[in-house]
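When a ligand or atom number is given, it counts from 1 through the structure's own listing order.
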Amino acid sequence: MSTGEPLIVLEAVNKWFGPLHVLHDVSLSVGKGEVVVVIGPSGSGKSTLCRTINRLEPIDSGTITFDGRPLPAEGKALARLRSEVGMVFQSFNLFAHKTILENVTLGPVKVRKEKPAAARERALALLDRVGIANQAEKYPAQLSGGQQQRAAIARALAMQPKALLFDEPTSALDPEMVGEVLDVMTSLAREGMTMVVVTHEMGFARHAANRVIFMADGQLVEDAPPAEFFANPRSERARDFLSKIL
Ligand code: ADP
Ligand code: MG
């Protein structure tokens with residue numbers, strides 16, 4: 001689905017947490033409409049990589065550009081970047097004291113200055129798209145984990161992002177709810193959303209990803225189409241990792 005035009009570009013990115021070199025000369029280009037799955041052992045830097053892309057984490061060297069512009073460090077430009085790069089976390093991160101509908105309309109009204117009635121109408125359409133329109137007036141705790149994560153995806157989509165980052169979106173879910181969230185993500189991928197997805201769901205990687213990236217110790221070790229990666233991982237570390245999770 002990629003148009004070939006780059007949307008997210010990292011060049012020689014390095015980041016340390018104190019003495020820990022957590023991103024090591026990471027270079028990566030994600031084209032518009034492309035779906036990139038990031039896999040790798042715990043602690044390899046996958047979450048940090050995601051967080052640098054919407055500048056939840058600053059980097060120490062290298063460059064990151066989004067849609068042709070360097071990432072802004074602060075102010076309105078940073079707020080705009082954050083609205084253009086949606087993020088979905090393992091832990092849903094919905095506002096507990098707001099209804100599902102309020103969770104989805106808050107950003108569009110406060111940040112995008114949409115009229116409340118218009119934001120509400122779009123939010124209801126998005127909740128319908130992720131299959132939980134009938135949960136709009138409930139509070140997060142009244143929903144199952146799978147429903148909450150679908151609400152979090154609707155909330156991210158409500159900002160009309162140019163890209164979505166997913167950090168282990170199904171890892172906190174009971175097994176029977178994983179499929180409903182992956183189905184929503186798969187349909188977004190098919191519709192051409194640019195996505196970076198950290199996940200251990202290899203079925204999703206095989207069927208929805210254009211590329212699989214394998215990270216280890218802060219380095220991007222492999223970057224290949226899923227069929228090629230799964231059939232013939234080139235590095236010993238990737239083979240070892242796959243043998244443990246497949
Ligand atoms: P992954 O998502 O692949 O499990 P992370 O990006 O979360 O890896 O973490 C990479 C490494 O950086 C780990 O060793 C982790 O302990 C460390 N780390 C992550 N966040 C911080 C932080 N805020 N301060 C210090 N170390 C951190
Ligand atoms: Mg992580």
| task | For the Mg ion (ligand 2), check which protein N, O or S atoms are under 2.8 Å away and list them. | result | Ser47 OG
| query | Does NZ or CZ of Arg237 lie under 6.0 Å from the centre of the six-membered ring of Phe214, at an angle within 45° of the ring axis? | reply | no
| So do Ile213 and Leu220 actually touch side chain to side chain, heavy atoms under 4.5 Å? | yes
| Minimum side-chain heavy-atom gap Leu28-Arg211 below 4.5 Å | yes
Contact table ligand 1 N or O to protein N or O, d under 3.5 Å:
unit_1   : atom_1 : unit_2 : atom_2 : d
ligand 1 : 2 (O)  : Ser47  : N      : 2.9
ligand 1 : 2 (O)  : Ser47  : OG     : 2.8
ligand 1 : 3 (O)  : Ser44  : N      : 3.2
ligand 1 : 3 (O)  : Ser44  : OG     : 3.4
ligand 1 : 3 (O)  : Gly45  : N      : 3.0
ligand 1 : 3 (O)  : Lys46  : N      : 2.9
ligand 1 : 3 (O)  : Lys46  : NZ     : 2.8
ligand 1 : 4 (O)  : Gly43  : N      : 2.7
ligand 1 : 6 (O)  : Thr48  : N      : 2.9
ligand 1 : 6 (O)  : Thr48  : OG1    : 2.5
ligand 1 : 8 (O)  : Gly45  : N      : 3.2

| message | Measuring only between side-chain heavy atoms, which start at C-beta, is Thr99 closer than 4.5 Å to Asn103? | response | no
| Do Ile153 and Leu188 touch side chain to side chain, with heavy atoms closer than 4.5 Å? | yes
Show me the donor-acceptor pairs within less than 3.5 Å that the side chains of residues 86-94 make with the rest of the protein, sequence neighbours left out.
unit_1 : atom_1 : unit_2 : atom_2 : d
Ser91  : OG     : Asn93  : OD1    : 2.6

| field | Side-chain (Glu84) to main-chain (Leu81) donor-acceptor, under 3.5 angstrom | value | no
| message | Once side chain to side chain contact (heavy atoms under 4.5 Å, CB included) is applied, do any residues pair with Thr63, and if so which ones, sequence neighbours excluded? | response | Glu11
| request: Check whether any side-chain heavy atom of Lys98 lies under 4.5 Å from a side-chain heavy atom of Leu106, and answer yes or no. | output: yes
